[in-house]
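These figures come from a predicted structure and were not determined experimentally. Below, all heavy atoms of this structure are taken into account, side chains as well, without hydrogens, waters or symmetry copies.
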Amino acid sequence: MDILDGLNPAQKEAVETIEGPVLILAGPGSGKTRVIAHRVAYLIKTCGVSPHRIMAVTFTNKAAREMEERLNRLIGAALGNLTIGTFHAICARILRRDGKAIGVDSRFVIYDDEDQISLLKRTLQEIGLDPKQYAPRAIASAISAAKSRTMTPQEYVKHTTSYFEEVVGRVYERYQQLLTESNALDFDDLLMKTVLLFRNSDETLAKYHSRYLHIMVDEFQDTNLVQYELIKKLGGKKHNICVVGDPDQSIYSWRFADLRNILSFEKDFPKAKLVLLEQNYRSTKLILETASYVISTNQLRKPKELWTDNDQGELTNVVETYTEQEEAQFVVSEVEKLVEEGKAKLGDCAVMYRTNAQSRALEEAFIRYGTSYKLVAGTRFYERRETKDIIAYLRVIQNPSDSVSLLRIINVPGRGIGERSLSQLSSWAKSLGISQYETLRLITEQKDDGEQTPPFGSRIVKALVGFHGLMEEFIARSRELDLVDLFDLVTGRAGYEQYLQSGKDGEERWENVLELRTVAGEYRHLPPPEGLTAFLEGVTLVSDVDGLDETVDAATLVTLHQAKGLEFPVVFIVGVEEGILPHFKSFAGAEQMEEERRLCYVGITRAKQRLYLVHAFRRNLMGSSTPSTPSRFLDDIPKRLIASGGLWQGEEGRVMPPLYSSRAKTPAPNVPSSDVPSLKPGDHVRHAQFGNGVVVNCRTVEGDKEVVVAFTSGVGVKKLLLSFARLEKKE
């Protein structure tokens, strides 16, 4: 076959330009993976370059496998021993062959994240620092940032400007010594050590210059400084470096990716050839135009004029709902409507969001509808570690005999109670025939009659007594506090927020805890301890749903960051509001705001046929209920590209099943129809307990009426059945 068959003119130019540096700016859906594969095939089949002399670098193993599959279809066995893989995999190969030049033993092991944290804990203990005071994950992040700039411990120490950095410097130095003693490298070492190898061994660098004549790098906008230096070192004097990327899709600065690498490529390589891949094969004309308007405001970019021969398509649907629960209901309702009308399959639909915490309302809605969904590269909300930790605290409060929950939280946050002590606690409880919690009570009461002597030293006894006292306080207060106040007491007194915030992704994980607090708020009106019991029953019903098979026809729930590289016929982006998209953390500077705009652009350009941008009028997110402002990004879209919308009112006769079936077991009383007022959205009403409010929505529920009322007395939005609520209609 002709390697150039089926390529458009720009793609052909990118494939045929084989001498010198090449920068391929590839817009979304422009066939960049195809171009890289055909370029490799062209070099081998047409130009006669040995596969042994070509390197193709990707960012994920999945991308590397896809590249190999494409090349096998193009050239088959001629692929030979082409070097293709991720940065980390390729560097590991180089170090095993030649790392001895800088003291790296070829038999080194690679420490993963868990190994790294364990070693950092040991390091902290060795230098006399408390791992509970100096969070290993925070230190790991700081060390990773240093290594991304190829800073050795000695160089890092020279540039410290704060006490925390001074601590990191001390830990970094000893941590690196322990890695060496263990003949181990962490992930960042694989990159940094390879660059140091090329810096310090001219002989080794010359060897690789003579081997690799052509180097190609995918997703170049996601490279950090050490990766860029690595590519420049390997490029040698001929600079046959071809990089493919898109500044408009650079969304990983929090992973130390540096947008300047792609923006300054032509400056670093003055003879670089620029090729623009602007034809989009994925999206309709209207979706592409919408995306172009959103991204055009950014300054840190290289302008492209995206175009497509695809159909005109449908206008973008900008939809407002009242709350995030109705937002989720709208999404599920619209997905089912598209499926019923034959316009899409479940697997065609994707729901995208800025933060993991937003998945909670969506997951619950899909579960209540009985609509299949799958969560991409993430953990279901009620299965996340921080969510399960808080639920475990509340379960022990409700039922101290729950040993699974007790053992989960007894050392979370850390109290110095190790695995050996927990094993002894369980064995002792078993020998006495009582629960672990009862053994804690025995230790606290210091009953020592021989057989009941605790098998612990004084330090562990003190920690166990302290934990027991804390739980006894929670149990006592649970009889008088409503669920939200109890929730706040637990997270506060246990020091859980500080524990999360000091670790990796602490802010996002704390957002998940606050989202759980929002769920607890739905039970605040119930008297203690009834609210606690109902809450735990409710979340158990949700969390008991098994994971779905990846092969089934199911809608996809995915964060915008995780959606990079994916595409779907139908895309919903939810939470398109100020403070969410763009995220409130981006308000601090122009560069952060531009990255949020790029993130929105990435989400929009995942859509092939239909696009929905959804925002809520009021959102209960991260523990508080506040009015929301539509995202500034919506203002960038011309009105002519937007379908007429407004506040979504739901569908009459189409009702969400109750979230917690236990709350719907009591049959509705037979109330004469004359006693039930006729209500519609906008009517003013009064409730005996909640006070005055305004009807937001009203729908039929099996012979009854479910009314959504926004109350003005601070209790927020409530869903009520008219036969129970005894609402009084006000003029």
Query raised in the report: Does some side-chain heavy atom of Lys729 sit less than 4.5 Å from a side-chain heavy atom of His684?
Result: no
Query raised in the report: Okay, side chain of Ser141, backbone of Ala138: is any donor-acceptor separation there less than 3.5 Å?
Result: no
Requested in this report: Measure from the side-chain N and O atoms of Gln592 to the backbone N and O of Ala588, and report whether any donor-acceptor pair falls under 3.5 Å.
Outcome: no
Report task. Check whether any side-chain heavy atom of Phe366 sits under 4.5 Å from a side-chain heavy atom of Val351, and report yes or no. Result -> yes
Query raised in the report: Do any N or O atoms from the side chain of Asn411 and from the backbone of Ile417 form a donor-acceptor pair under 3.5 angstrom?
Result: yes
**Report entry** Side chain proximity check, Phe617 to Glu326, heavy atoms < 4.5 angstrom
**Finding:** no
Requested in this report: Please step through side-chain contact (heavy atoms from CB on, under 4.5 Å) for the pair Glu386 and Leu500, ending with a clear verdict.
Outcome: CA-CA 8 Å; Glu386 55 273 19; Leu500 286 186; 4.0 Å; yes
Requested in this report: Check whether any side-chain heavy atom of Leu557 lies under 4.5 Å from a side-chain heavy atom of Tyr353, and answer yes or no.
Outcome: yes
Query raised in the report: Which value, rounded to the nearest 0.5 Å, describes the distance between Lys374 atom NZ and Leu346 atom CG?
Result: 10.0 Å
Query - Approximate separation, where rounding is to 0.5 Å, of Glu515 CD and Arg384 CZ - result: 9.5 Å
Query raised in the report: How many angstroms lie between OG in Ser359 and CE in Met352, if you round to the nearest 0.5 Å?
Result: 14.5 Å
Query raised in the report: Checking side-chain hydrogen bond (donor to acceptor under 3.5 Å, both in side chains) for the pair Arg598/Ser253: CA distance, chi angles, key distance, verdict?
Result: CA-CA 12 Å; Arg598 293 194 292 269; Ser253 65; over 6 Å; no
Report task. Find out whether Val513 and Glu497 are in side-chain contact, i.e. whether some heavy atom of one side chain is under 4.5 Å from a heavy atom of the other. Result -> no
Query raised in the report: Rounded to the nearest 0.5 Å, how far apart are CZ of Arg385 and CZ of Arg509?
Result: 4.0 Å
Query raised in the report: Yes or no on side-chain hydrogen bond (donor to acceptor under 3.5 Å, both in side chains) for Thr371 and Glu336, after CA distance, side-chain angles and deciding distance?
Result: CA-CA 8 Å; Thr371 305; Glu336 290 205 337; 2.6 Å; yes
Requested in this report: Run the numbers on Thr323 and Arg619 for side-chain contact (heavy atoms from CB on, under 4.5 Å), then give the verdict.
Outcome: CA-CA 5 Å; Thr323 64; Arg619 184 172 295 273; over 6 Å; no
**Report entry** Check: His468 side chain, Tyr437 main-chain N or O, donor-acceptor pair, under 3.5 Å
**Finding:** no
Requested in this report: Rounded to the nearest 0.5 Å, what's the gap from CG on Leu440 to CD on Glu445? Could you check?
Outcome: 11.0 Å
Query - Arg441: partners by salt bridge (charged side-chain N to carboxylate O under 4.0 Å, His left out), with sequence neighbours left out - result: Glu438, Glu472
Query raised in the report: Would a line drawn from the ring center of Tyr496 to the ring center of Tyr499 be shorter than 6.0 Å?
Result: yes
**Report entry** For Ser478 against Leu486, the heavy-atom pair lying closest together
**Finding:** CB-CD2, 3.8 Å
Requested in this report: Answer whether the closest heavy-atom distance between the side chains of Cys349 and Phe568 falls below 4.5 Å.
Outcome: no
Report summary line: Closest non-hydrogen contact found for Ile604 with Ile573 is N-CD1, 3.7 Å
Query raised in the report: Would a distance-only check, ignoring hydrogens and angles, find a side-chain to backbone donor-acceptor pair under 3.5 Å from Glu480 to Arg477?
Result: no
Requested in this report: Test Arg517 against every option in Thr491, Asn512, Asp488 by the side chain to side chain donor-acceptor pair (under 3.5 Å) rule and name the one that passes.
Outcome: Asp488
**Report entry** Exam field: side chain Arg606 to backbone Val602, donor-acceptor pair closer than 3.5 Å
**Finding:** yes
Query raised in the report: Would you call Arg618 and Glu324 a salt bridge, using N to O less than 4.0 angstrom?
Result: no
Query raised in the report: What is the minimum heavy-atom distance between Arg415 and Leu470, and which atoms define it?
Result: NH2-CD2, 3.8 Å
**Report entry** Backbone of Gln498 reached by a side-chain donor or acceptor of Ser502 within 3.5 Å
**Finding:** yes
Report summary line: Nearest heavy-atom contact between Ala616 and Ser628 is O-CB, 3.2 Å
Requested in this report: I would like to know whether Ser333 and Gln329 meet side-chain hydrogen bond (donor to acceptor under 3.5 Å, both in side chains); could you show each step before the answer?
Outcome: CA-CA 6 Å; Ser333 177; Gln329 182 180 353; over 6 Å; no
Report task. Pick out which of Glu596, Glu578, Glu577 makes a salt bridge (charged side-chain N to carboxylate O under 4.0 Å, His left out) with Arg632. Result -> Glu578
Query - With sequence neighbours excluded, residues passing side chain to side chain contact (heavy atoms under 4.5 Å, CB included) with Leu407 - result: Leu422, Ser426, Gln436
Requested in this report: Over all heavy atoms of both residues, which pair between Pro136 and Leu124 is shortest? Give the atoms and the distance, please.
Outcome: CG-CD1, 4.0 Å
Query raised in the report: Step by step, would you call Phe535 with Leu526 a side-chain contact (heavy atoms from CB on, under 4.5 Å)?
Result: CA-CA 10 Å; Phe535 168 78; Leu526 295 175; over 6 Å; no
Query raised in the report: Would a distance-only check, ignoring hydrogens and angles, find a side-chain to backbone donor-acceptor pair under 3.5 Å from Ser631 to Leu581?
Result: yes
Query raised in the report: Run the side-chain contact (heavy atoms from CB on, under 4.5 Å) check on Val695 and Lys680 step by step: do they pass?
Result: CA-CA 7 Å; Val695 176; Lys680 64 182 183 301; over 6 Å; no
Requested in this report: Check the angle between the aromatic planes of Phe330 and Phe572 and answer parallel, tilted or perpendicular using the 30° and 60° thresholds.
Outcome: perpendicular
Query raised in the report: So, Asp482 side chain and Asp485 main chain: donor-acceptor pair closer than 3.5 Å or not?
Result: yes
Query - Beyond-backbone contact of Leu483 with Phe487, side-chain heavy atoms, under 4.5 angstrom - result: no
Requested in this report: Return the orientation label for the Phe474 and Tyr393 ring planes: parallel under 30°, perpendicular over 60°, tilted otherwise.
Outcome: perpendicular
Query raised in the report: Given side chains that start at C-beta, do those of Leu516 and Ile391 come closer than 4.5 Å, heavy atoms only?
Result: yes
Query raised in the report: Run the side-chain hydrogen bond (donor to acceptor under 3.5 Å, both in side chains) check on Thr559 and Gln562 step by step: do they pass?
Result: CA-CA 5 Å; Thr559 68; Gln562 293 161 347; 3.1 Å; yes
Report task. Search all heavy atoms of His561 against all heavy atoms of Tyr252 and return the closest pair with its distance. Result -> O-OH, 3.0 Å
Report task. Enter the distance from Gln398:CD to Ser405:OG here, rounded to the nearest 0.5 Å. Result -> 10.0 Å
